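The structure appears right after this line, and notes come after that.
From a predicted model like this one, the values you see are computed outputs, not experimental measurements. Just follow the structure's listing: the first ligand is 1, and inside any ligand the first atom is 1.
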Amino acid sequence: MRYTVLPILLFSLSCSNPKPAGPAVAYSEPHRPQIHFSPKQHWMNDPNGMIFYDNTWHLFFQYYPDSTVWGPMHWGHATSTDLVHWKEQPVALYPDSLGYIFSGSVIADTANTSGFGKEGKTPLIAIFTQHDPVGEKQGRIDFQRQGIAYSLDEGTTWTKYIGNPVLKNPGIKDFRDPKVAWNEKVKKWIMTLATKDRVSFYSSPDCRQWTKESAFGATVGAHGGVWECPDLFPINDNGKTVWVLLVSINPGGPQGGSATQYFIGDFDGKQFTSSQKEIRWIDAGTDDYAGVTWSNTGDRHIFMGWMSNWQYAQAVPTKQWRSAMTIPRELSLTKVKGQYYLRSVPVKELDALGSQENVAANLTVLEKELSGPAKLHIQLKQAESFSVTLSNAGGEKWVAGFDADSNYFFIDRTLSGEKNFEKGFASRITSRRIDTASGLDLTLIIDNASAELFADSGLTTMTSIFFPKDNYTRISIKGNKNFRMKTASLIPLKPIWDN
Ligand code: FRU
């Protein structure tokens, strides 16, 4: 995004006065997501520091606790024991004299390479960008650098390292969003960092001293905007290690505004290489940005994104809070015509909200009431044209589907509800089908203000937010004359908020 420079006064926000997580709210305001994490109140953007540690899923996030638009960034915090129900915790990191706390990651330093551990306690280390708004206002280019903090109480309280910044700015204006992971081959920490419209890799034995190893991206990928929030991780494909690099970009996304591309390749401990020619998006919809994966999850790769788009995020018509996260998604690899692609599917933990399948077979249409969040799953024998419509009595509707003639999935929110807050919001978007299989399957995770579409077992994913005046109460599926659903199920999902 383009950052607004705020008064120096904001620097006086201190680390010593933790703010409570906010008043009790019923999570029942208009447009309030019921199965997605959203903060009780105020502004949220990127997921940060996601780590699974001691049986707890931690989600930190870009947070401004004083307003519903972007401002001096803090790290908010939420925890979950099942990846589905979230409990908002007190703010974890506050701006300080080095600046706002921008996006970053958290690692568990089990071998105590950093020396922050005490009495056998594993330090959790947060690595983040410190963004100095004063330097920015003065027209300097070195106003973003990387700092660290550690926690010896499982992420509840954090101590900033006295030696910050640990990575100074080398003269690159956009120098941010460190994602750190241990690399067993070189036995060092590797930091994957967004540097203008490239990704740079740094290494460190202890998380305190960082050495530049390489950069990637000069001649590949989308370059219509600044690169942000990268993530690098290996996926094991039947004994072969394949490396995946996620990179968010803003603007320059396929539907306008922000989006996240990915590269398949190899990482030798120093350098990432890829022979991928075309641009690939982890989510071809409008509303999945800055997503990265959880740390410390072994062979699982669990991704979560910010369910909005910088093009209109600060203008969407919610009052008490702004923005929600996507549902957590399991990532895996698949091959199409000999090329690796990423698949994303809802994590299996989501079944805790409802999994009782009432499967109907051999249908040509489906018409049902919607009384809250739901999961739709359909399988087609033949990839024929069809549409799924969510609607309310006021005539507002959100439509998604597949057009067999053009081989495109589409989402149309031109009549989906409130739209005047931004001129590009009420659009119809498309994404080319990647799969070449004759059959097709589609899963839709529906909430009050969003739908996440996973087609062909997650080979094409499209996330879309919407703001109908009243929640949608009907779902209907129709197709061309050859359209037939081999199976169809609509599973109501229980809201995650119990207060
Ligand atoms: C991405 C981003 C990051 C930055 C953060 C600031 O949405 O612009 O690059 O760290 O948001 O809030």
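- For Trp70, the closest heavy-atom approach to ligand 1 falls below 4.0 Å.
- Side chains of Thr334 and Arg343: a donor-acceptor N/O pair is present below 3.5 angstrom, by distance only.
- For Phe61 and Tyr63, the ring centers are positioned less than 6.0 Å apart.
- Checked against the 6.0 Å centroid threshold, Tyr472 and Phe466 count as a close aromatic pair.
- One finds no salt bridge joining Glu136 and Lys173 here, because no Lys/Arg side-chain nitrogen approaches an Asp/Glu carboxylate oxygen to under 4.0 Å.
- Near Asp177, meaning under 4.0 Å from one of its heavy atoms, ligand 1 places the atoms 3 (C), 4 (C), 9 (O), 10 (O).
- Those atoms of ligand 1 that come under 4.0 Å of a heavy atom in Arg176, given as number and element, are 3 (C), 4 (C), 9 (O), 10 (O).
- Residue-ligand proximity, Gln62 to ligand 1, at heavy-atom distances under 4.0 Å covers atoms 5 (C), 6 (C), 12 (O).
- Taking any N or O of Trp306, backbone or side chain, none lies under 3.5 Å from an N or O belonging to ligand 1.
- Residue-level proximity to ligand 1 for Tyr289 is carried by the side chain, the only part with a heavy atom below 4.0 angstrom.
- Every atom of ligand 1 is numbered from 1 in the order shown, and the set under 4.0 Å from a heavy atom of Met73 is 12 (O).
- For the pair Arg428 and Phe410, the cation-pi test (distance below 6.0 Å, angle within 45°) is passed.
- For Arg208 and Ser114, the side-chain atoms include no donor-acceptor pair closer than 3.5 Å.
- Of the heavy atoms in Thr129, none comes closer than 4.0 Å to ligand 1.
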